[in-house]
Amino acid sequence: ECGLASVYATVTEETASGEDTQPEDFTAAHRTLPFGTLVHVDNQENGHWAVVRITDRGPFVSGRIIDVSQAAARALGISGLTQVCLNITWTPERQSIGQK
């Protein structure tokens with residue numbers, strides 16, 4: 001999935017998953033991915049990347065596909081809206097595959 005990424009506000013607040021947003025955690029908001037999913041985010045403008053964990057819902061602005069934390073934004077080299085591509089690296093459902 002490719003589209004625009006935006007950056008979370010700097011305030012700490014509870015997310016839709018019940019966790020508190022911490023600016024220094026590599027977390028993000030996505031409209032549909034399960035909470036706990038790990039997503040590899042590639043900045044299409046500068047080649048930087050980061051892996052974030054989905055802890056919230058959003059963004060709720062048309063055209064945006066993910067909101068990233070302050071720490072992830074720094075690693076990605078973004079401060080505003082940036083074109084990114086997302087690749088799922090792990091989902092909670094996959095954890096039990098192959099386990100008895």
Side-chain angles (χ1 to χ4, degrees):
E1 176 180 21
C2 296
L4 290 175
S6 51
V7 182
Y8 261 134
T10 57
V11 296
T12 300
E13 58 185 48
E14 187 175 328
T15 65
S17 68
E19 293 185 40
D20 287 339
T21 300
Q22 299 293 327
E24 296 308 311
D25 291 343
F26 279 71
T27 57
H30 190 275
R31 288 186 194 99
T32 59
L33 291 174
F35 295 132
T37 298
L38 298 179
V39 179
H40 186 273
V41 181
D42 284 302
N43 182 334
Q44 298 299 290
E45 297 175 10
N46 65 14
H48 294 182
W49 61 272
V51 175
V52 298
R53 187 170 50 87
I54 302 300
T55 60
D56 204 2
R57 291 292 171 235
F60 298 109
V61 177
S62 179
R64 298 182 192 178
I65 61 169
I66 195 166
D67 280 331
V68 298
S69 66
Q70 296 289 317
R74 281 194 301 277
L76 290 163
I78 65 175
S79 61
L81 297 178
T82 302
Q83 190 71 27
V84 299
C85 288
L86 311 180
N87 290 295
I88 298 170
T89 60
W90 182 85
T91 62
E93 292 84 4
R94 291 183 187 164
Q95 182 179 19
S96 62
I97 294 174
Q99 296 181 357
K100 297 181 181 187

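Interatomic distance, Leu33 CG to Ile65 CD1, rounded to the nearest 0.5 Å: 9.5 Å. To the nearest 0.5 angstrom, Ile78 atom CD1 is 11.5 Å from His48 atom NE2. With rounding to the nearest 0.5 angstrom, the OG1 atom of Thr55 is 13.5 Å from the CZ atom of Phe26. Distance check, rounded to the nearest 0.5 Å: CD1 of Ile88 to CG of Leu38 gives 10.5 Å. Distance check: Leu76 CG to Gln44 CD gives 11.0 Å after rounding to the nearest 0.5 Å.
In this structure, Asn43 contributes its side chain and Glu45 its backbone to a donor-acceptor pair below 3.5 Å. No side-chain donor-acceptor contact under 3.5 Å links Arg57 to the backbone of Ala29. A donor-acceptor pair under 3.5 Å is absent between the side-chain atoms of Gln70 and the main chain of Val7, judged by distance alone. Checking side-chain atoms of Thr37 against main-chain N and O of Ile54 turns up no donor-acceptor pair under 3.5 Å.
Thr27 has its side chain out of reach of Asp56: every pair of non-hydrogen atoms, C-beta onward, lies at least 4.5 Å apart. Using a 4.5 Å cut-off on side-chain heavy atoms (C-beta onward), Val52 and Ile66 make contact.
Annotation: side-chain hydrogen bond (donor to acceptor under 3.5 Å, both in side chains) contacts involving residues 58-68, sequence neighbours excluded, comprise Ser6-Asp67. Legend: side-chain hydrogen bond (donor to acceptor under 3.5 Å, both in side chains) pairs involving residues 71-86, not counting sequence neighbours, sorted by first then second residue: Glu24-Arg74.
Listed by chain and number, the residues in a salt bridge (charged side-chain N to carboxylate O under 4.0 Å, His left out) with Glu19 are Arg53 (sequence neighbours excluded).
By the rule that hydrophobic residues join a cluster once side-chain heavy atoms approach within less than 4.5 Å of another member, Trp90 and Trp49 end up as members of one cluster.
Minimum interatomic distance between Pro34 and Pro92 (heavy atoms only, all atoms of both residues): CB-CD, 4.2 Å.
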